[in-house]
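Protein chains get the first letters and strands the later ones, always in sequence-line order, with residue 1 at the start of each. Side-chain atoms are counted along with the backbone in the values below, which use heavy atoms only and exclude waters and symmetry mates.
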Protein chains: 2
Amino acid sequence: MRVLLAGGAGYVGAHTAVALLDAGHEVVLLDDLSNTSSIAAERIAQITGKPAPLVVGDASDDSVVAGVFDEHGPIDAIVHLAAFKAVGESMQQPLEYYSNNLDTTFALVRVGVARGIRSFVFSSTGTVYADPADLPFTEDSTTSVDLSNPYSKSKRMNEVVLEDVARVHPDLNVTVLRYFNPVGAHESGLIGEDPSGIPNNLMPFVQRVAVGTLERIGIFGADYDTPDGTGLRDYIHVVDLALGHVAALEKAQPGFTVYNLGTGRPVSVLELIAAFERAVGRELPQTILGRRPGDVDATYCDPSKAARELDWVGTRTIDDATRDAWNWQSRNPQGFATA
Amino acid sequence: MRVLLAGGAGYVGAHTAVALLDAGHEVVLLDDLSNTSSIAAERIAQITGKPAPLVVGDASDDSVVAGVFDEHGPIDAIVHLAAFKAVGESMQQPLEYYSNNLDTTFALVRVGVARGIRSFVFSSTGTVYADPADLPFTEDSTTSVDLSNPYSKSKRMNEVVLEDVARVHPDLNVTVLRYFNPVGAHESGLIGEDPSGIPNNLMPFVQRVAVGTLERIGIFGADYDTPDGTGLRDYIHVVDLALGHVAALEKAQPGFTVYNLGTGRPVSVLELIAAFERAVGRELPQTILGRRPGDVDATYCDPSKAARELDWVGTRTIDDATRDAWNWQSRNPQGFATA
């Protein structure tokens with residue numbers, strides 16, 4: 001299978017590229033490098049020993065997407081990971097988030113369908129679930145666009161669009177993958193999470209405190225209704241997540257299908273930090289801060305549908321994830337800019 | 001006030017242009033003429049005796065919108081009516097509906113905010129209300145994107161986008177007008193509803209049967225849970241609707257505000273047809289057909305918020321609407337193509 005990975009130089013994209021190449025597929029990366037580096041593409045080739053051509057361009061531009069098909073086709077499947085994903089930034093720049101995150105889908109579907117792709121896999125998020133009473137979230141749990149931030153709303157809008165696209169293209173396999181919290185890095189330490197600016201998520205923040213580029217971990221709220229008072233999240237190792245994309249592509253069926261990709265095991269913020277401290281071998285400075293708007297007590301999924309239908313299970317542990325994340329960050333203290 | 005009317009040559013757009021010009025404002029029409037005619041613009045000028053410049057172009061193209069500001073600015077307000085609106089067609093062409101109806105908003109907001117507009121008025125729909133138990137719908141009734149068709153879903157997505165835009169631009173007046181069922185025509189008979197192809201809505205269908213270009217009215221379901229078995233709708237005279245836009249612009253306040261524009265008086269399909277027969281002076285051939293997917297028993301609004309805050313009430317009756325619609329259609333048997 002030849003796969004166009006839109007956003008393929010990003011965190012999940014690069015790991016998915018490695019997993020696809022390792023599984024014997026071909027990949028073409030399309031990325032505007034607005035939040036990542038071309039070095040990611042070099043590292044993908046270095047890890048796998050296989051070419052990973054990178055087209056630098058905007059996935060919301062039909063002519064750019066068509067150019068990928070012209071130069072690198074025929075293409076069997078598109079995996080769409082080309083999105084803005086910083087929740088806090090989305091609160092400040094909502095129009096940019098809605099337009100980028102929807103226009104990329106419009107262009108990729110428009111061109112992809114015209115060029116005869118068989119499968120379209122969309123990177124969504126577990127934050128589309130709206131009712132905490134549904135925990136653990138199954139794929140049938142209540143979703144909404146009345147969510148706390150434009151990032152999550154834009155993801156839910158994309159799902160709605162894609163469900164209608166699948167209805168009018170009954171031969172197309174449309175798969176939505178609802179990620180929970182991706183963490184960790186490839187075991188090689190050559191690729192990993194490298195957000196620009198101050199990380200929005202806990203794990204890359206902890207990584208930077210460990211490597212010394214940030215001073216102190218801020219814990220946003222220790223008064224949640226959870227065993228230790230900090231939020232519970234479903235952290236999924238990014239390599240497992242990448243393997244979920246491979247399984248979704250290899251087992252794709254016509255129609256519109258949604259899968260949760262998570263472990264189903266809730267882990268608290270304090271537990272994640274403690275695991276990271278074990279990986280690093282020392283305590284990390286940390287401070288309890290106030291809650292962040294939009295954060296919830298707990299979010300974790302029931303991943304049994306993916307186990308049943310895709311034969312996919314996230315087997316890697318939090319200790320695996322923190323070890324691999326530290327391996328990546330300590331070898332690349334400035335991320336890809338270290339190179 | 002100088003107002004950019006995107007979709008200004010359409011049915012609601014042309015009547016809104018007349019109402020704005022009559023109220024002493026200036027208008028610039030932007031329309032791609034994909035579902036209307038440049039003759040509408042000539043008729044607006046004919047009715048009002050005032051210029052109504054028409055820019056033919058795509059409101060989803062930033063450079064087109066910027067060109068309107070360059071040539072016709074400064075512009076104080078944008079009224080966004082540039083949407084695909086055929087519910088049935090949206091079922092067949094969902095991607096076209098989502099991309100057109102969202103990309104027009106993205107471009108108009110992006111350019112409009114950059115050029116310093118004060119007000120943005122968005123044409124939405126009463127079909128965003130999701131729970132029949134809420135009848136009559138107030139602006140606080142439950143909304144959803146889990147609606148029966150892409151047209152309605154695209155409108156609700158736009159509302160969500162605009163609410164976030166308003167949050168980050170606190171000086172901007174963002175007003176969402178949720179139309180119920182626009183019917184009727186300007187009393188001059190010079191402008192009116194002129195859909196291309198087979199009309200999707202009842203009133204233009206009845207008009208064409210009356211004028212002889214369609215043979216027989218199809219009534220989609222007479223077994224609804226209503227007094228006469230046919231669906232109840234809230235028909236609002238298009239001239240009243242147009243005056244609602246003027247009121248919304250003249251009384252606009254900073255922030256995000258939603259108004260229902262309807263009469264609050266439910267009228268059945270059979271009642272509307274009977275009113276039209278009174279206007280024409282003869283019976284019209286009609287047949288009961290099966291229900292259409294997505295249709296509901298009843299939809300009508302509580303319009304009291306617009307009465308209270310905008311001093312706006314839809315005063316024209318169903319007999320006014322059918323008389324004016326018949327005046328338009330009988331003078332223009334082929335719509336604008338008659339000219």
Next item on the list: Indicate the atoms forming the closest heavy-atom contact of A:Arg167 with B:Met91, along with that distance.
Entry: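 Shortest heavy-atom contact: NH1-O, 2.9 Å.
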Next item on the list: State whether a side-chain donor-acceptor pair under 3.5 Å links B:Tyr98 with A:Asp164.
Entry: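 Yes.
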Structural part of [X] lying under 4.5 Å from a heavy atom of chain B:
X: A:Val168; answer: side chain
X: A:Glu96; answer: neither
X: A:Arg110; answer: both
X: A:Asp146; answer: side chain

Note to self: Less than 4.5 Å to any heavy atom of chain A: does that hold for the side chain of B:Glu163, its backbone, both, or neither?
What the structure shows: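 B:Glu163 has no heavy atom closer than 4.5 Å to chain A.
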Check: Is there a side-chain contact between B:Lys153 and A:Met157, using heavy atoms and a 4.5 Å cut-off?
Finding: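 With C-beta onward as the side chain, the pair stays apart.
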Next item on the list: Would you mind telling me which of B:Ser154, B:Ser144, B:Pro94 has the largest number of heavy-atom pairs within less than 4.5 Å of chain A?
Entry: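 Counting heavy-atom pairs under 4.5 Å, the top option is B:Pro94.
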